[in-house]
There are 2 protein chains.
Amino acid sequence: MPLPATEAPGRLQAALASRGLRLTRQRRTILGVVENAKQHLDASQILRHAKKLDPEIDRVTVYRTLKLLKRHGLVDELDLMHMQGEKHFYERRPQRDHIHMACLRCGKIMEFESDLFDRLKGQIQRDCRFHIVVSRLEVGGYCADCRTNPSE
Amino acid sequence: MPLPATEAPGRLQAALASRGLRLTRQRRTILGVVENAKQHLDASQILRHAKKLDPEIDRVTVYRTLKLLKRHGLVDELDLMHMQGEKHFYERRPQRDHIHMACLRCGKIMEFESDLFDRLKGQIQRDCRFHIVVSRLEVGGYCADCRTNPSE
DNA sequence: CTGTTAATGAAACTGTGTTGCAACAGGATA
DNA sequence: TATCCTGTTGCAACACAGTTTCATTAACAG
Ligand SMILES: [Zn+2]
Ligand SMILES: [Zn+2]
Ligand SMILES: [Zn+2]
Ligand SMILES: [Zn+2]
């Protein structure tokens, strides 16, 4: 369940356009898929969704577009603790970073925002004189449901 | 060339033994490589180091041993922000978690321990009623050297 | 020392992501 | 709207990380 469902339709498209990058039919389709995804998708899921809207789209274009978005800091790449093999997942970079929690039993992915996380990043930048461009905090463990119903 | 596998009996070996797992010649070699590594190694680097000590070792055994160590929480798997392709890196799980900082310019990897990080994990466990088993915080950005010498 | 059983090595395989290149199309310009 | 330039696409072949299968080997308990 993505946190704030506040949709800004076409934000990715607008961002690409403002950088002078070509908005092709295929890119528009892929951007739409990423932007409107209800959960974290990997490259092959993005391809599958995109093919429903435009059957001509090739997987190479999906990979190239994801790489482009990543390079421009418009999407973040996640592992989700590699619970489903070596896949990588993508989400539009949010206004405020969040933590990903992956339940090792039921596979649920939860998100969490925290002031402490923001302060921690501030501390890293100050104490290590390190300018943070991208950050990723993922934890694996057991969710509330799985802790109270370990039998099911 | 092949050195005796009678290396200093590290903590990893002791941990495996205490769990009733077989300590084969190959496992001892691989454990020694991971334990004595001076930097973060990926699977193929671990294989290369291990082959110097025991040329018979197969890459499959390296993968299987890493999986075993991961499953038992004895090593952590890192991405280091995927700066060198999709490789994954390994390190012995430390007594206290640390943050990995990867410089996007010079490729340097730095480590950092922080009370704030420990408190953040505590907050997650309390506020989300989520029992943390493993956590990973990686940040990408620019290190102090690269910020002061952007010319070199 | 012996037997049981887990671990290994070799090869074939899966799946993710990349590269080279000819054909194509976005979008600027006139 | 037509033209051009250049970045983008689709395809096939490739590269590489990691897994599976199975016959053989060896840990270690008895
Ligand atoms: Zn759960
Ligand atoms: Zn998310
Ligand atoms: Zn990864
Ligand atoms: Zn640097």
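All chains are named by letter (A, B, ...) in the order of the sequence lines, taking the proteins before the strands, and each is independently numbered beginning at 1. No experiment lies behind these values; they were computed from the predicted model shown.
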Tell me which of E77(B) and D58(A) sits closer to the 5' end of DNA chain D, going by the nucleotide each one is nearest to. D58(A)

Which comes earlier along DNA chain D counting from the 5' end, the contact point of D42(B) or that of T65(A), where each point is its nearest nucleotide? T65(A)

Let's test your reading of the model: under 3.5 Å, does the base of [N] pair with the side chain of [X] as donor and acceptor?
X	N	value
R59(A)	dG10(D)	no
R64(A)	dT9(D)	no
R22(B)	dA6(C)	yes

Side-chain heavy atoms of E138(A) within contact of L78(A), under 4.5 Å: yes

Less than 4.0 angstrom between a side-chain N/O of [X] and OP1 or OP2 of [N], yes or no?
X	N	result
Y63(B)	dG18(D)	yes
Q26(B)	dT25(D)	no
H82(A)	dG18(D)	no
T24(A)	dT9(D)	yes
K87(A)	dT16(C)	yes
K67(B)	dT19(D)	yes

[X] has an atom [atom1]; how far is it from atom [atom2] of [N], in whole Å?
X	N	atom1	atom2	value
R25(B)	dA6(C)	CZ	C1'	16 Å
L47(A)	dG10(D)	CG	C1'	12 Å
L78(B)	dA17(D)	CG	P	17 Å
F89(B)	dG18(D)	CZ	P	10 Å
Q84(A)	dG15(C)	CD	P	14 Å
R28(B)	dT8(C)	CZ	C1'	14 Å
E56(B)	dA7(C)	CD	C1'	15 Å
I57(B)	dA7(C)	CD1	P	15 Å

Along DNA chain C (nearest heavy atom to each residue), the more 5'-positioned of L21(B) and S44(A): L21(B)

Does K67(B) make a cation-pi contact with Y63(B), if we ask for NZ or CZ under 6.0 Å from the ring centre and within 45° of the axis? no

Should the pair H100(B) and H40(B) be assigned to parallel (<30°), tilted (30 to 60°) or perpendicular (>60°) ring geometry? perpendicular

How about R147(B): does its CZ atom have over 12 heavy atoms from other parts shown lying under 6.0 Å from it? yes

So that I can tick it off, tell me whether D145(A) and R105(A) are bridged by a salt bridge, with the cut-off set at under 4.0 angstrom between side-chain N and carboxylate O. no

